[in-house]
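Keep in mind that this is a model prediction, so the values were computed, not measured.
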Amino acid sequence: MPAFQEAEDVESRVYVKQLEDDLKRQKERLKELVTQRRRLRDEIIALSKQIDDHTARRNELNGEIKKIKDEVAQLRASEKNLKEEMERKRVVIKSRSTKIRISEKEARAQLSRLEWRLATEHLDPKEEAELVKEIERARAILREVEAVLSMRKNMGDFEKKIGEIMSTIMEKNNEKAKLVETSNLCHAKIKQLLEDKRMKRDELSKLDSEIEEAKKKKDELFMKMVEIDAKSYLAKMRRVLIMQEEHAKRLKMEETVKNKLALDAQEKLKRGESLDWEEFKAMIEAQGGQPR
């Protein structure tokens, strides 16, 4: 083999080895990128589940908050109605109280005194009739006093109910405040998870581009290997054809030489000359025999 061809083969083998190493490294790189993408997708799925869970929890909390708001609104409506009723009763009490100038004790004492007179004193019909009228007036006054006292007592009941409602509203508002705080924490967590998911998606998009580029480089290296293998195969086939042609030429030349040697041997025999072994063998082979 010529020296330049041997050097060219060595250089070709080095180039092929480098291509094989580059292709191997590119395949490993591609495998690593695909593994990273699979991991990223799993992380994105996990983030989506967390977002769904926190969103469901936040919605549940917001539903409870709305329920409490509705309850507080109803309580405030009841409080307003009670206060309005109290104000009406206060006006009535003030109006009726101004007409009364006597206490319950005094009203009862006056009624007892009048009833005692009616029971113990001997009165003529006219005086008795007047006394009966006074007793009825005293009873009316006492009923009015008792009515006012009853309304004042009811005012205390109203104030107690309003106090209970206000206490309940405070408890509901405290409960709502805690729920709102928890809901806000859920909302903040959702925002953070959405941001994490967005960053992961950006990373995934970048990774997809890297994978496509890595695939492209791998395919380019593979096609170069295929091209080199094809060229190597063609070169090998050309060498085989050249060797076959050279061998055919060599056989043809040998056949020509043998034929000439056989003809020369026949001429020498005709002239009565002796033959050497090569001439004798060529003549016998030309006649289709085998020399012994």
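Under the 4.5 Å side-chain heavy-atom criterion for ILVMFWY residues, a single connected hydrophobic cluster contains both Leu82 and Met166. In the hydrophobic clustering of this structure, Ile65 groups with Leu75; members are Ile, Leu, Val, Met, Phe, Trp, Tyr whose side-chain heavy atoms approach within less than 4.5 Å, directly or through other members. Under a hydrophobic-cluster definition in which Ile, Leu, Val, Met, Phe, Trp and Tyr are linked whenever side-chain heavy atoms come within less than 4.5 Å, directly or via other members, Ile45 and Ile51 are assigned to different clusters.
Between the CG atom of Asn62 and the NE2 atom of His187 there is a distance of 9.5 Å, given to the nearest 0.5 Å. Between the NZ atom in Lys217 and the CG atom in Asp22 there is a gap of 10.5 Å [rounded to 0.5 Å]. Atoms CD and NZ, on Gln18 and Lys224 in that order, are 9.5 Å from each other to the nearest 0.5 Å. Going from atom CD of Gln74 over to atom CD1 of Ile165 covers 11.5 Å, rounded to the nearest 0.5 Å. To the nearest 0.5 Å, the span separating CG on Leu23 from CD on Glu28 amounts to 10.0 Å. Of the inter-residue distances, the one linking Lys178 atom NZ with Ile68 atom CD1 reads 10.5 Å to the nearest 0.5 angstrom.
Applying the side-chain hydrogen bond (donor to acceptor under 3.5 Å, both in side chains) rule to Asn184 yields no partners; only residues at least two apart in sequence or on another chain are considered. For Asp202, the salt bridge (charged side-chain N to carboxylate O under 4.0 Å, His left out) partners at least two apart in sequence or on another chain are Arg198. Taking the side-chain contact (heavy atoms from CB on, under 4.5 Å) definition, one finds that Asp124 meets it with Lys126, Glu127, sequence neighbours left out. Remark: Asp196 engages Leu47, Gln192 in a side-chain contact (heavy atoms from CB on, under 4.5 Å) (not counting sequence neighbours). Residues passing the salt bridge (charged side-chain N to carboxylate O under 4.0 Å, His left out) test with Lys80, sequence neighbours excluded: none. Applying the side-chain contact (heavy atoms from CB on, under 4.5 Å) rule to Lys83 yields the partners Glu79, Ile162; only residues at least two apart in sequence or on another chain are considered. Take Gln36 and apply the side-chain hydrogen bond (donor to acceptor under 3.5 Å, both in side chains) test, not counting sequence neighbours, and it matches Glu32.
The two residues Cys186 and His54 have their closest heavy-atom pair at CB-O, 4.2 Å.
Every pair passing salt bridge (charged side-chain N to carboxylate O under 4.0 Å, His left out) that includes a residue from residues 35-52 is listed here, sequence neighbours excluded: Arg37-Asp208, Arg39-Glu43, Glu43-Lys200, Lys49-Asp53.
Between Glu210 and Arg29 there is a side-chain heavy-atom pair separated by less than 4.5 Å. Arg57 places a side-chain heavy atom less than 4.5 Å from the side chain of Leu61.
Clustering of Ile, Leu, Val, Met, Phe, Trp and Tyr by side-chain heavy atoms under 4.5 Å joins Met243 with none of the others. Connectivity analysis of hydrophobic side chains (ILVMFWY, heavy atoms under 4.5 Å, direct or indirect) links Leu263 to nothing; its cluster partners are none. Side-chain heavy-atom separations under 4.5 angstrom define the hydrophobic clusters, and the remaining members of the one that includes Val34 are Leu30, Leu33, Leu40, Ile44, Leu204, Leu207, Ile211.
Judged purely by atom type and a 3.5 angstrom limit, Ser205 has no side-chain atom pairing as donor or acceptor with the backbone of Arg201. With Ser183 contributing its side chain and Leu179 its backbone, the two residues share no donor-acceptor pair below 3.5 Å.
Salt bridge Asp21/Lys17: present, at least one basic N to carboxylate O contact under 4.0 Å.
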Just distance, no hydrogens or angles: give the donor-acceptor pairs under 3.5 Å from side chains in residues 167-176, sequence neighbours left out.
from: Thr168; atom 1: OG1; to: Glu164; atom 2: O; distance (Å): 2.9
from: Lys172; atom 1: NZ; to: Glu71; atom 2: OE1; distance (Å): 2.8
from: Asn173; atom 1: ND2; to: Ile169; atom 2: O; distance (Å): 3.3
from: Asn174; atom 1: ND2; to: Met170; atom 2: O; distance (Å): 3.3

